[in-house]
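Order of the sequence lines sets the chain letters (A, B, ...), proteins ahead of strands, with each chain counted from 1.
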Number of protein chains: 2
Amino acid sequence: MQKDITIYDIAKQLQLSPATVSRALNDHPAINHNTKAIITSKALELGYRSNMFASNLRRQRTNTIGVIVPRLDSAFMSTVLSGMEKVANEGNYNLIISQSLESIRKEVANAKTMFDSRVDGLLVSLASDTENLDHFSTFFKKGIPLILFDRVMTQNYCTSIVIDNLKAGYDATNHLIEQGCRRIMHVSGSLKRNVYADRLKGYRLALLDHGLPGGRELERANNLTRQDGLDIAEYIKSMPNPPDGLFIASDFCAVTCMGALKQSGFSIPNDLAVVGFNDDPVSLVIDPGLTTIHYPGQEMGEIAAQSLINHLTGLLRLSTTNTILLNYELIVRGSSQRYS
Amino acid sequence: MQKDITIYDIAKQLQLSPATVSRALNDHPAINHNTKAIITSKALELGYRSNMFASNLRRQRTNTIGVIVPRLDSAFMSTVLSGMEKVANEGNYNLIISQSLESIRKEVANAKTMFDSRVDGLLVSLASDTENLDHFSTFFKKGIPLILFDRVMTQNYCTSIVIDNLKAGYDATNHLIEQGCRRIMHVSGSLKRNVYADRLKGYRLALLDHGLPGGRELERANNLTRQDGLDIAEYIKSMPNPPDGLFIASDFCAVTCMGALKQSGFSIPNDLAVVGFNDDPVSLVIDPGLTTIHYPGQEMGEIAAQSLINHLTGLLRLSTTNTILLNYELIVRGSSQRYS
DNA sequence: TTGTACGCGTTATCAG
DNA sequence: CTGATAACGCGTACAA
């Protein structure tokens, strides 16, 4: 546990001033090439590493980005995080990651921690019961940029990165209609969240456009867990007039529901055509493969992080009302393909 | 973008010295209850937040834990991280997370970043091609604790948290034998990693104990990806004398392999009984359900983080040669159950 | 129980 | 191009 090397040590050994050393190490233009070379080599020799705290304290910024996600243990989120980590790492930023566990209470606490950690910026995907962005007001006040991704809130303070969930919901439903479905059910999650609310809207709109029946009997909202998938299967089996199309806002839930229905003798896609959402790896595991909406988690993470970094470095000053819309793609697989 | 409140501001307003304020805020015993109350309430009123950098700079520690994992986008890893985040958060530590993407090169870079970020401790699961721990020697030298989890390396410098992969591999194989399999194939990952090498050893041992045939034809090592699962299915179909039992060291790979074999007319478990590893959610999606080894990711993360924190706070000084062994569980599902 | 004064390692300013 | 010096905000030895 020996002492750290500082710029003073280097300065002393080289008979230079600490200031010069500091500048050289930061590649300051106004430093002689020679001395710069001498200093960097000496630094290497002594195993010098810059003290981020001193530097942060002095510069009043941290090169750290805070991330708050609903859950870490989700296939989609982990691809998003993977993308963020990649970009952050390349941009010489650290990531502080925390999860709200779908609870506003924890989200508030996380926000506070992030604030106290003095992150340079924040990337957030909202918990399912978050109603407003008040807990981020401290950030807004201090001009710390906040970018929302995936589960966003249409508000005028911050940039959002999303897909067009309404259109995607429409497309998913429309696809079922094209496959001949006439009675289509939709299962969504917390309607406080844009992702689910919009998909539902898209679903309704598609039905409307084609003069198909909808209504409460055909709409369910739950937490999209495994158990919810099983429950939906039970519900469908109990319906006097069961649907011939099913659009579930999450693959994992869709897949378990499908499994249960298959076991009960439903033929998929003939009795019931199914479409999920997310292109979770499981959609390829089930037989037949699950038709789904693919949207690029990795890319969403990369773009979110990159936008934030660009903003921080002043490369690209995002208007605070900006929304970045990513493309999605309907991936048709066996669970919905009646005519090939 | 107004200026931050410091202890000086509080001190001035209260006609006290900054030292007293600092002590009060840190709950120092030698401070009058009254003044303490006055100070904390004033701090709250002014919206004071401690400056971690100044504090870290002063105290020479960061309350930050570094985590390096092979991949963020893995079901298992994300449960582990979830556990770590929970404990770290409760213990007032921040997590800096990065991924090696299974590459030693990136792992080395990550280690350096962590070192420069002056993390108080490190939690690491090794990349698939890591050969030694030399890139962590800087940590050892400075006495910064390093805990390895899941993919560990038996070395005398640091604590490891694992399950008994050999025994688990043995149990998995033994289960297949009990179900009447006589020709059992095993698919593993990088044999540089304990997790795969040990499972393979367990497999071999079980065969040996029961006088069953093994050998190169029945052992495959790959990256356990989706594609690898499909390849294995092809391989099995091409075998003149195909196996009647299959033990794959990762669920996701097992599940895709199973799917492909089913499509080719294999009856599971009758023609071929299958066992996976990890209890990934997908193991419940496939039909029949995949028999697997469950091991507690969340718990592993919690224990890793807690051990590190205990060590840091001096609550529990782990011997550096310690190994913590977690329990695992064989979960029997339809993919291997021939007799019920 | 409280105050004084210094140093943690950098970087920015100003001067040369 | 380089040097001296003053912060950044906090914690703590020492003094009172």
Side-chain angles (χ1 to χ4, degrees), chain A residues 1-40 42-43 46-64 92 94 115-120 142 313, chain B residues 1-40 42-43 46-64 92 115-120 142:
Chain A
M1 187 87 103
Q2 65 198 359
K3 199 123 163 0
D4 269 322
I5 304 293
T6 75
I7 51 173
Y8 284 97
D9 301 322
I10 299 180
K12 195 165 295 174
Q13 293 208 21
L14 258 34
Q15 314 260 48
L16 288 167
S17 85
T20 309
V21 176
S22 170
R23 283 192 274 252
L25 259 18
N26 288 317
D27 213 19
H28 191 101
I31 292 283
N32 186 301
H33 251 302
N34 255 330
T35 46
K36 209 178 271 184
I38 294 173
I39 289 173
T40 44
K42 194 66 177 178
L46 297 181
Y48 166 80
R49 57 172 179 163
S50 142
N51 186 320
M52 293 181 103
F53 302 112
S55 173
N56 287 338
L57 176 59
R58 189 55 239 242
R59 293 182 312 139
Q60 306 279 39
R61 61 201 305 283
T62 67
N63 265 55
T64 297
N92 214 4
N94 280 328
F115 190 67
D116 290 343
S117 301
R118 282 176 161 71
V119 294
D120 289 341
K142 275 194 71 73
T313 54
Chain B
M1 185 87 104
Q2 64 198 359
K3 198 123 166 357
D4 268 321
I5 304 293
T6 74
I7 51 173
Y8 287 95
D9 300 322
I10 299 180
K12 196 164 292 173
Q13 293 208 22
L14 259 33
Q15 314 260 48
L16 287 167
S17 86
T20 309
V21 175
S22 170
R23 284 191 272 251
L25 258 19
N26 289 317
D27 213 19
H28 190 101
I31 292 283
N32 186 303
H33 252 302
N34 256 330
T35 46
K36 210 178 271 186
I38 295 173
I39 288 172
T40 44
K42 193 65 175 178
L46 296 181
Y48 166 80
R49 56 173 179 161
S50 144
N51 185 320
M52 292 182 105
F53 302 111
S55 172
N56 287 337
L57 178 59
R58 192 54 240 249
R59 294 180 310 136
Q60 306 279 40
R61 60 201 303 284
T62 67
N63 267 56
T64 297
N92 214 3
F115 191 67
D116 289 344
S117 300
R118 283 177 160 70
V119 294
D120 289 341
K142 275 193 71 74

- Taking only the side-chain heavy atoms of Arg58(B) (C-beta and beyond), determine which of dG3(D), dT2(C), dT12(D) contains the nearest atom. dT12(D)

- Message: Can you measure Phe53(A) atom CZ to dG9(C) atom C1' for me and round it to whole angstrom units?
- Response: 12 Å

- Minimum heavy-atom distance between Tyr48(B) and Leu25(B), given as atom pair plus value: CE2-CD2, 3.6 Å

- Message: Whether Tyr8(A) contacts dG7(C) is assessed here as follows: a side-chain N or O lying under 4.0 Å from the phosphate OP1 or OP2. Is that the case?
- Response: no

- Give the rounded distance in Å between these two atoms: CG of Asp9(A) and C1' of dT10(C). 14 Å

- Item | Separation of atom CZ in Arg23(A) from atom P in dG3(D), rounded to whole Å | 8 Å

- Message: Just N and O in the side chain of Asn26(B): are any of them under 4.0 Å from OP1 or OP2 of dG11(D)?
- Response: yes

- Item | Rounded distance (Å) that lies between atom P of dC8(C) and atom CZ of Arg59(B) | 17 Å

- Query: Is any side-chain nitrogen or oxygen of Gln60(A) closer than 4.0 Å to OP1 or OP2 of dG9(D)?
  - Reply: yes

- Task: To the nearest Å, give me how far apart CD1 (Ile10(A)) and C1' (dT10(C)) are.
- Result: 12 Å

- Query: Relative to the 5' end of DNA chain C, which residue comes earlier, Arg118(B) or Ile31(B), by the nucleotide with the nearest heavy atom?
  - Reply: Ile31(B)

- Task: Output yes when at least one side-chain N/O atom of Ser22(B) is less than 4.0 Å from OP1 or OP2 of dC10(D), else no.
- Result: no

- Counting side-chain heavy atoms from C-beta on, which of dG9(C), dT1(C), dT2(D) comes nearest to Thr35(A)? dT2(D)

- Short N-O contact, Asp4(A) and Arg118(B), less than 4.0 angstrom: yes

- Ser17(A) side chain near dT2(D) phosphate (N/O to OP1/OP2, under 4.0 Å): no

- Query: Is the shortest heavy-atom distance from the side chain of Leu14(A) to the side chain of Val21(A) under 4.5 Å?
  - Reply: no

- Task: Please report, rounded to the nearest Å, how far the P atom of dC10(D) is from the CG atom of Asp116(A).
- Result: 12 Å

- Using whole Å, report how far CD of Gln15(B) lies from C1' of dT4(C). 17 Å

- Query: What are the two closest non-hydrogen atoms of Asn63(A) and Asp120(A), and how far apart are they?
  - Reply: N-OD2, 2.6 Å

- Which one, dT2(D), dT4(C), dT11(C), comes nearest to the side chain of Ala19(B)? dT4(C)

- Which part of the nucleic acid does Arg49(A) contact within heavy-atom distance under 4.0 Å: base, sugar-phosphate only, or nothing? sugar-phosphate

- Query: To the nearest Å, how far apart are Ile7(B) CD1 and dG9(D) P?
  - Reply: 10 Å

- Item | Closest listed nucleotide, where the reference is the side chain of Ala54(A) and the choices are dG9(C), dC10(D), dT2(D) | dG9(C)

- Smallest separation among heavy atoms of Asn56(B) and Phe53(A), with atom names: ND2-CE2, 3.2 Å

